Each structure stands twice: as C-alpha cells, then as structure tokens.
Amino acid sequence: MLKVKNLHASVGDKEILKGLDIEVKAGEIHAVMGPNGSGKSTLSAVLAGRDEYEVTAGEVDYLGKELLELNPEERSWEGIFLAFQYPVEIPGVSNINFLKTAINERRKYFEQEPIAAKDFLKMVKEKSTLVELSDKLKNRSVNVGFSGGEKKRNEIFQMAMLEPKLSILDETDSGLDIDALRIVAHGVNTLKSKDNATIVITHYQRLLDYIIPDFVHVLYDGRIIKTGGKELALELEEKGYDWLTKAKA
Amino acid sequence: MAYSEDDLKQDLVDQEYEFGFTTDVDSEKIPKGLTEETVRIISSKKEEPEWLLDYRLKAFRVFQGMTEPDWAHVTYEKPSLQDIVFYSAPKPKKELASLDEVDPEILKTMERLGISLEEQKKLTGVAVDFVMDSVSVATSFKEKLGELGIIFCSFSEAVKDHPELVKKYLGTVVPSSDNYYAALNSAVFSDGSFCYIPKGTKCPMELSTYFRINESGTGQFERTLLIADKGSYVSYLEGCTAPQRDENQLHAAVVELIALDEAEIKYSTVQNWYPGDKDGVGGVFNFVTKRGVCQQNAKISWTQVETGSAITWKYPSCILKGDNSVGEFYSVAVTNNHQMADTGTKMLHIGKNTKSTIISKGISAGNSHNSYRGLVRIGKGADNSRNFSQCDSLLMTDTCGAHTYPYIECENSTAQLEHEATTSKIGEDQKFYCLQRGIGEEKAISLIVNGYAKEVLNKLPMEFAVEAQKLLEISLEGSVG
Amino acid sequence: MVVLKENNLLNSLSQMGVGLGAKNQAFELLKELEFPTRKTEDWRYTSVKKILKKKYVQFNEAEQVDLSNEIIPSLDAHNIILVNGVYSKELSDVNFPDEVVIDTFPNAMEEHVSLIHSAFNGIAKNNEEVFTALNTSYFHEGVFIHIPKKVKLEKPIHVIHVNTKSNVISNLRLLIIVDQFSEVSVVQSYASLNAVECLTNSVTEVFVKENAKITLDKVQSEEPNNNLICTVQVNQKANSIFKINTATVSGDFVRNGVNIDVDGENCTSEMNGLYMQKGIQHVDNHTKVSHLKPNCTSFELYKGVLRDKSTGVFNGKVIVAEDAQKIEAYQQNKNIILSREATMNAKPELEIFADDVKCSHGTTTGQFDEEALYYLQTRGLSRESAQALLVQAFADEVLDKVDSETLRIWIKEKLD
C-alpha cells in the first residue's frame, strides 16, 4: 500500500528526515517509535502533505500513485487520514457540519452525489458509539472546549466517518488517561480490516498494549534504525533507546 | 440547518456581483443638483404638509454650514452634490391596488433578487415593503398587521396618514444637525419606511424592507422611523442589494428607533450594495446614521452583516436613557478588493443598570481597509452599568488593513467595562486540518470564516442568516492571498 | 516672565543654550504650530488650557540645593542632577567609566560633534508635537548619554530632575545612544522642592542600536500643583531590547508620551505604567509602537487606580506597517475607579497593515471584586485595609516589572 524510499525532508535549513524507508501493506499495523526529535511527527506531516516541510529527496508510492505529487486534500480523498497530535480548534464550525462537508467533498471527487441526510445521521450515530462520543460533543464547534481526551476521541470518530485506507495516528496516546486510551484503541482495532492499514506513531509502549502492531520500527535521527515484531516495543520499554542509538553511533 | 454549506456552493455559480443588473422602468426625475429649490420641489412633489417642508428647509440651512467629515479611516473622492439627482420615482402605470398591478419589470427584478412577494407571503410569513428607488411600490400583509394596530408603510404614506406620530418622533433621535449626512438626509430624504407597534403588541412576523438603488445617477436618501410603544416587540429586517454601476452612488440614510418603556426592537441588516469592481471602480458610498433610544427596561439590538459598498461609514448606536435598558451591537463586516469600511457603534449609558454588548467581527481581504470605531460612554448617573466589547479582525491578505479604534469613557465608579480586541491572520493550522480531512482551500476558508462570524450570524433571523452566509462566501471568493 | 499662549509664543524669551541648527528650525516651527485643543484627536481627553494661561520663568544656571530626599539612598547609581532644567556639574556624579559619555551638549560637542549631529533631534517630532518643538527651541544645555559599543554599564544612571522655584518652566532634553551590544539602565525621576505652578517639559530621545539593551524607569512625583509633560522618542535597531516603566505618583497634570519606532527585526519592546491618582490629578498616558520591520514582539501593561476627583487617560496605539510580518503585539490596560467623581477614558488602538500578525488589546474599567473584599473581611481585615491590600496587589503586577528591587521599594514608599 505504502512504499517510502530514501525520504529526506527539511524544515527551513534543518534536515529532519535523512533517508527513511518504510513499507506498509494492507491489513498491517505498524508502530513507529523513537525518542523526541527523531522525526516522528515530521514523517506524519510529510505523508499528509503539510507544506512547511520540504521533501528534498526520495519517493513515496501510495497505491501505485506518486503520493508527493498530490496536494493534501487529494491525499485525503485517496484515503490517507492523519489523527493529529494536537487537533486544532475551529470556532463556530460544528463538528457535524465539518464532517458532512469533508465527506461530500470526497464524494464530489469520486463524482458521487452528496450523502443523503438520513444516511449521514445514521452513520454519525453508529460511528460515534464506537468512541463513546456524546451528542453534545458532536454538535459543538470542532474541538472547541474539548478536553485532551475528547479531542483524541474526536479524531478517531472522524477517522471512522471518513473510512480511510491508511491511517496515521500521531502520538494519539499523549495526554490520554487509561480509560480514554482504551476507548481510542478499541476504536482503532474495530476499524481494522484486511483492506486498510495503520501507522501508529508513539513515544511509549503503553498504547501498543492495546493496539497490537505487526511491525515495530525505531526511528532515530531521521532514519529507521531497527525493525522488529511487537516484542521490540517491550524491549524498548525496558532498555530505553540508548542501546540502539549508541550502537548506531 | 436546512441550508448547508453545500447548498451554498451550488448557489454560487456566478462569481460576479449577482444582482448587477438594472431594471428598465420609466422614471420621473427632477434636475440634478442641490439648492433650496430642490428641497422645495421634493417636498411639493410628495405633497407634503407645511411642517415637513419647514423641517427640511431648517435641515438644509444647517447642512449648508457643515463640511463633510474626514476623520474616518477611508479615502475617496467626495461626491459632488451638484451632480446628483435628488429625487426620482418610478412612474406607476396606474393606481396600484394589488400585486398584479405592479409593473411586471419590477416584479421580474424582485424575482431575480429572490424576494418574490408571492413566495415570501406563502413561505416565510414576512411582510415586505419593497422600495424601488425612492418610492414604495408594493406592500403586503398590511391588513393582517392592521388588525393588530401595527402601522407598517412607506414614509410618505405615514406623513399623510399618521402625521401626528411622524411629527412627534421625527428627528428626536437623530437631530438634523447631528452630522453632515444626517443633515443632508433630513433636507432631501425621498422616502423610506415607517413603523409603529402599539402598546403591548408583539409583532407576529419579521418586518422586512428591501432597498435598491436603481436609477442611474440617483441619490438615495432613505428615512426610517420605527416606534415601539410601551411593552411591544418587533423584529425588523433590512436588506440592500444594488445594481452594478460604474459611477459612484451616494447613499445617506437615517434610521431612528424609539423603544419606549419595556419595548424591544431587533433591527437586522444585510448590506450588499455594489462594492465596485476589482480595481475599485464604482461602488456605492454608504454613509448612514442609525441610532435608537431606549426608555426604561427597553432593549435595542442591532445586527448587521456588511459586505457591500465601496465606502461604508456607519455606526448603529444606542442611547440607553432609561434605567435597566439594554443595547446590543452585533456586526460582521467584510471588505475585499478596494473596499473601505469604517463601522462600529456608540453605546451611551445614561440610565442606571444599563447594559451593552458589542461583538464586532471584521474580515479584510484584497487591498481593502476595515476599521472598527466605537464609543462606550458611561455617564455620571449610569450606576451599575455594564459593557462588554469584543472586536476581532481577521486578515486574509498582506495588502489589506484592519484597524480598531475604540473609545471608552467612564465617569461612574460603579460601572464595569471590558473591551477586548484581537487581530490575526486566518489560522494556517485550521486550514491544514480542513485540507487533511479533504476540504479544499476555498471551502476551508469559507468554513473557517463563517465559523468566525457565527456568533453574529446566529443573531440574525433564519432567512437572513442564510443570505448572510452566502454573501460572506461571495464576498471572499478568490480573495486568498 | 513668559506667557505660554497661542500666538504669543515665548516671544520675550531670548534663545539660549547651544546653537544647534535644529533649535532654530524648531523655533520657526513653533511659530506656526498651535497648542492642542480638545478637538485635537491626540488631546481629546486632556486640556492644556490651564497650563497655557500661566506665566513661567526659565533658569540658565543651576543652583545649589539639598537633594538628599531625591537621591535613592541604597541605589548605587551615577546620579546626574538637573535643577530647574539646568545640569549641575557640582551635584552630579562624574565618576563613570572613561568610554561612557554623560555630559551637557556644549561639553560633549567638543569630542562627539558628529555623533551628536547624527542623532540629536533625529526622532523628535517637532512638527507634530508643539511641546516637543517648544522643548527643542528652549532647552538649555541638555544631557547627552552615550554608551559605546560592547559596554555594559554596571551601575544605573539616575537622572534626577527637581524644580526648586515656583513658576519655573524646565525644558529638559536628553539624548541617549546605546551602541551595538551595549547595555544600560536609566532612571529618570521628576520632583519638586517647595515649588508650585511649574511646567516641566521633558523630551528624551533614545537610540537603541543593534543588539543593545536599555531599561528606562520613570518616577514622577512632583508636588501637587505642578505640570509635567514627558515625551520619550525611541528608535530601535535589530535584535535590541527596549523597556520603559513609568510610575506616576503625584503632580496635578501629567502627560506621558512614549513613541517607539521598531526599526529592525527581532526586537522586543516593553512598556509598563502605573498611575495611582488622587485629588484633582490628571494623568494621561499615550503610547505608540510602530512596528516597521518583521519578527518583533511588543508588550504593554498600564494599570491605574483613580480616587477623589482624578481623571485618567490611556491611549495606546499599535501600528504594524505593511510587510512587517510575524509581529506579536499585546496590550493591556486595567483601571479601578474608587470614587464617584473620578473619570477614566481609554482608547486602545490597533492599525494593522500586515496579515501574519498576532495583536490584541484589552481594557477594563471597574471596581474591586466584592468577593475578594468579602473574603478578606471574613479573615479579619477591615474593609479599608482589605481594599488597601487589593490596591497593592493590583499595583504590584506593574511594579514587578521594575528590575531593580531597590528602585521598586523606593517607588512603593513614595506611593504610600
């Protein structure tokens, strides 16, 4: 589904990704772990098409398309979803109106009629139970006045509504208490199928107790320096990153 | 919400000013220019009583001693009053007894404006007093309102049928000496609307007037007088659309609101006069004086959505004279291309326990300038008065300007005033969030801007809220820098 | 004797002091300019009628006075003394590092003529502000302060101004140049000793060069029945820091103008003010920050407590010029009115011509939180002492911006 080859990216003059390779197949869950400043959030931003990040080398193949050629909304329509580490607040725009707009824009791209109100509402009802999002939050302005946990749950709710092929969860576990973590993980696990894939970017092993990855990658200084199975996460939890980064150095 | 952002998009096929057409109707005009004779002609054409002619002449004399103000943050070539035709009336083909008799050309215009009287009657329950140029040509729901004793008619009719009310209140809130444009209006006002809500009556429908400048080179000097008697309630809607013109057109209206004890007036405006083209050629000069006075426990709420006009100079204000009275001002002002708007409000607290709220949202794009100018004055006797003001500006391009000039004057130690203002660019993070969810840039901006203005749009009656959203989107199309 | 009156501008006064060309120019301008009225937008809330009616005398020689009350005892500073507008070498401290210049213009001209010429009157707004033109025309010898490159002056410079005779007009003129990578702290204090009906008209020009830093603390504590007009013009170059704190303790008429042109990138500008007014005191604080270059930040906090029949004015203007992107400008003005006869007028303004900015202002006028007063009362404080405590807490937010603890304590004592 996703093949990233020798990806280099910088912000301003600073190179952050320095030749990153990763391959994700449909049906898989990949965890990308690494210490602060290793480039985890840059990876998610580059894949989603944020224009502050300049890709200086490398290629990204996504379902046979040159991902880097697409603008952010096209990537979204093609099934890429980024659950933001810090979901932004948009005052005055209701969550529901926001999602309806998003869904209909995508349908327009695929030359489909706008979604019928009845179907939309049914879908909202169904998907919101998944992450236990109350009606109150659904009708509120996007992320405005949401607690940290509610924002993350809202991200997963949007993910459920948009039915992406490739989901990237950027530090979704940060700032979550254990109950919220469970809810979020439950959402992600339920949405998992043989046709979609997930990249979980995280700092801690904790989330991976709930979302079991097929592969664990260690990102350090802009490169993947080790790849392993889910047991690698446990090893990292126990030993920290030093043993790997020192070996690398 | 029946009307979604999508419906909106679909409605916006044409990016050009959509009401930019003129209606072909024979007009009766008087010669160009302004002299005492002009004032007399206007008055005689309208078969006005002596006292009104006197009122006009007095105003004209005051006007002659005044100069056009230049303190506002706008620059323009001052209109030459000698090139303006101060009166023009569509020639009625015959006496108008019903809608069927209205000039079909005019009916067609109304249809293109989306305000077909027939439809409005049936669907929205809105009584419409349609002002074509200067003379009211069609009125509906009059009977129904009549049963309640509500008077809603053109200003000229009111002068004929209810002279005692007009005489009693005209010029009591905006004296003709108030300012240059108010004096001009008082001397030459052509027509406008008059409304009286009797004691204890709640007006059962939104009263609505659509104004329109139609005749080329015609000045428009509307006069609105609205009296809400003790304990009454009325919601009044005013919407403006003007045809495209290459030459500047002057619009200097005066609106006076009187809210007697316990009365409440909600006055909403969607202003979409022709803003001029992309290079700043043409467009309406909109110099308006709007003011209301609140007696005991009364409330006046101004809501405005300003998207049109080349130059806007407008400060809907409240004199909070009675104890416990309340004044509100909710405004969204959008400027694009070369538009210039200097708008805001005055809240004058005189009575005890008076409260005022000001929410102003400015949006500047293109090369435009958008200024908020407001005054909150707490007088010596205004014990326990409260004011809250929030003035936000959103900037869309690096070639526009957003300015905030609030004046806060407090002479009372028991009052509390709070003013906040922010100016910032449209959020890049918000934009990217929308993009990531598959919402394209233009759509994202429209969504964010509408969200930003929501607090004000929510104050509008439903039919207007929809039109207002539409106007915001039209006004900002292609504005992203 | 001199009468300050429109169309009768100090004609009888012979021109004194150094013969800088600027003085002549300003004098010509002064003939043209009119004194502001309430119709002058910048003077909308402040009338100078009373000031213009009075008669003043100007001194050319400093006299010997006992300034023990004005010198801050525990502040180890270079004290520069001006009496009735005239620099007193005898009373001033002249023991500062060799490379630093602190002297009158005539004395400094000998060695620093080009430096003075390049800067003096460069940013003073003679053509806009009649009181500045008045100052430029009539100031006596002025004081020139130059901190050369890469000098960090350890001790603060305390410029003490006192009027010791009634009906004096003191046109104080300071030029401060803080060169690249230098650092200095200047305290300017204004006082009077048994003098009434004086007019102090102070103009300070400050040039903050690249990477330089200056803090200017102003303490205004003239006796009642005196008038003070204080103008500070600042020009900041790249990476510089300018901070001004103004504490107005007394004086019946005080008008402060702080105008900063931020003319370089990555600058920080900070303005703080405290006015604790009583009697018939009128205090007007005007500030204007013009952000001319990108990537700068400005902060502003002005707070006031108004008692008796006092009147307060705050007018803060932030201008962001075209292309001055990435500006953050924050302004706060908070007022507490404690008397039925006091008046506060606030006019915060934003003029923004760039789009990538974060600017905000807020102003509040009101009373103390009744809840807080009540809470303190339940803890055994009388209503009066509870109020005093809250006033103190309110003022402390501004006083805390004064870096020197010694100076802070001295201001607090004056306030009490």
Side-chain angles (χ1 to χ4, degrees), chain B residues 71 73 362 364-381 383-428 479-481, chain C residues 39 41 44-45 294 306-370:
Chain B
W71 42 261
H73 194 109
S364 328
N367 296 302
S368 69
H369 283 272
N370 201 329
S371 305
Y372 168 82
R373 189 182 303 276
L375 168 68
V376 177
R377 180 182 292 152
I378 309 281
K380 277 238 177 297
D383 287 4
N384 302 313
S385 290
R386 300 280 179 271
N387 162 263
F388 174 77
S389 308
Q390 171 83 48
C391 305
D392 295 326
S393 303
L394 196 62
L395 296 146
M396 311 289 288
T397 59
D398 60 3
T399 48
C400 62
H403 317 299
T404 315
Y405 306 100
Y407 295 70
I408 298 137
E409 306 177 356
C410 180
E411 294 186 0
N412 189 297
S413 64
T414 60
Q416 280 183 19
L417 298 101
E418 208 177 318
H419 167 94
E420 285 169 27
T422 63
T423 303
S424 57
K425 195 185 177 185
I426 187 159
E428 287 299 326
S479 69
V480 185
Chain C
K39 283 187 178 160
E41 185 59 31
R44 187 184 171 94
Y45 299 115
L306 292 93
R307 300 171 197 271
D308 306 331
K309 292 182 174 174
S310 64
T311 315
V313 180
F314 173 78
N315 187 336
K317 191 169 196 164
V318 174
I319 300 171
V320 178
E322 215 175 310
D323 300 327
Q325 301 291 5
K326 307 243 183 256
I327 297 295
E328 293 190 26
Y330 305 102
Q331 184 190 80
Q332 273 292 325
N333 170 234
K334 296 179 185 172
N335 305 293
I336 286 177
I337 304 187
L338 292 178
S339 150
R340 288 207 68 98
E341 287 163 300
T343 299
M344 180 68 212
N345 298 310
K347 193 181 162 215
E349 299 173 86
L350 294 171
E351 280 192 8
I352 316 290
F353 298 89
D355 66 333
D356 194 0
V357 298
K358 281 185 192 145
C359 298
S360 71
H361 68 220
T363 174
T364 58
T365 303
Q367 313 78 43
F368 282 119
D369 182 3
E370 276 301 321

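Model, not experiment: these values are computed from the prediction. Letters A, B, ... mirror the listed sequences (proteins, then strands); counts begin at 1.
- Listed options C:M344, C:K358, C:E341, C:E41 were ranked by heavy-atom pairs under 4.5 angstrom with chain B; first place goes to C:M344.
- When the heavy atoms of residues 317-335 of chain C are compared with those of chain B, the residues falling under 4.5 Å are C:E322, C:Q325, listed by number.
- Atoms NZ and CD1, on B:K380 and B:I378 in that order, are 12.5 Å from each other to the nearest 0.5 Å.
- Heavy atoms of C:T365 lying under 4.5 Å from chain B belong to its backbone as well as its side chain.
- The greatest number of non-hydrogen atom pairs below 4.5 Å with chain C, out of B:S424, B:P406, B:A415, B:G401, is found for B:P406.
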Which donor-acceptor pairs under 3.5 Å do side chains of residues 308-316 of chain C form with protein atoms, sequence neighbours excluded?
residue	atom	partner	partner atom	Å
C:D308	OD2	C:G279	N	2.8
C:S310	OG	C:R307	N	3.3
C:S310	OG	C:R307	O	2.7
C:N315	ND2	C:H286	NE2	3.2

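- Residues satisfying the side chain to side chain contact (heavy atoms under 4.5 Å, CB included) test with B:S368, not counting sequence neighbours, are B:T335, B:Q339, B:S364, B:C400.
- At least one side-chain heavy atom of B:H419 sits less than 4.5 Å from a side-chain heavy atom of B:C391.
- Interface remark: of the candidates B:N412, B:L394, B:V376, B:T423, B:T423 forms the most heavy-atom pairs closer than 4.5 Å to chain C.
- B:S371 is listed as a side-chain neighbour of B:Y405, based on a closest heavy-atom distance under 4.5 Å.
- Of all non-hydrogen atoms in B:T397 and B:G366, the two that sit nearest each other are OG1-O, 2.8 Å.
- Between chain C and the residues B:I426, B:N387, B:D383, the most heavy-atom pairs under 4.5 angstrom are made by B:D383.
- When the candidates C:N345, C:I336, C:L350 are compared by the number of heavy-atom contacts under 4.5 Å with chain B, C:L350 comes out ahead.
- In terms of the side chain to side chain contact (heavy atoms under 4.5 Å, CB included) criterion, residue partners of B:Q390 (sequence neighbours excluded) are, by chain and number, B:I359, B:F388, B:D392, B:E420.
- Within the 4.5 angstrom heavy-atom criterion, only backbone atoms of C:A354 (N, CA, C, O) approach chain B.
- Taking the six-membered ring for Trp and thresholds of 30 and 60 degrees, B:H403 and C:F353 have ring planes inclined between 30 and 60 degrees apart.
- Atom-to-atom distance recorded for C:D355:CG and B:T399:OG1 is 8.0 Å, nearest 0.5 angstrom.
- At least one side-chain heavy atom of C:C359 sits less than 4.5 Å from a side-chain heavy atom of C:I352.
- Heavy-atom pairs under 4.5 Å with chain B were tallied for C:E351, C:R44, C:E349; the largest tally goes to C:E351.
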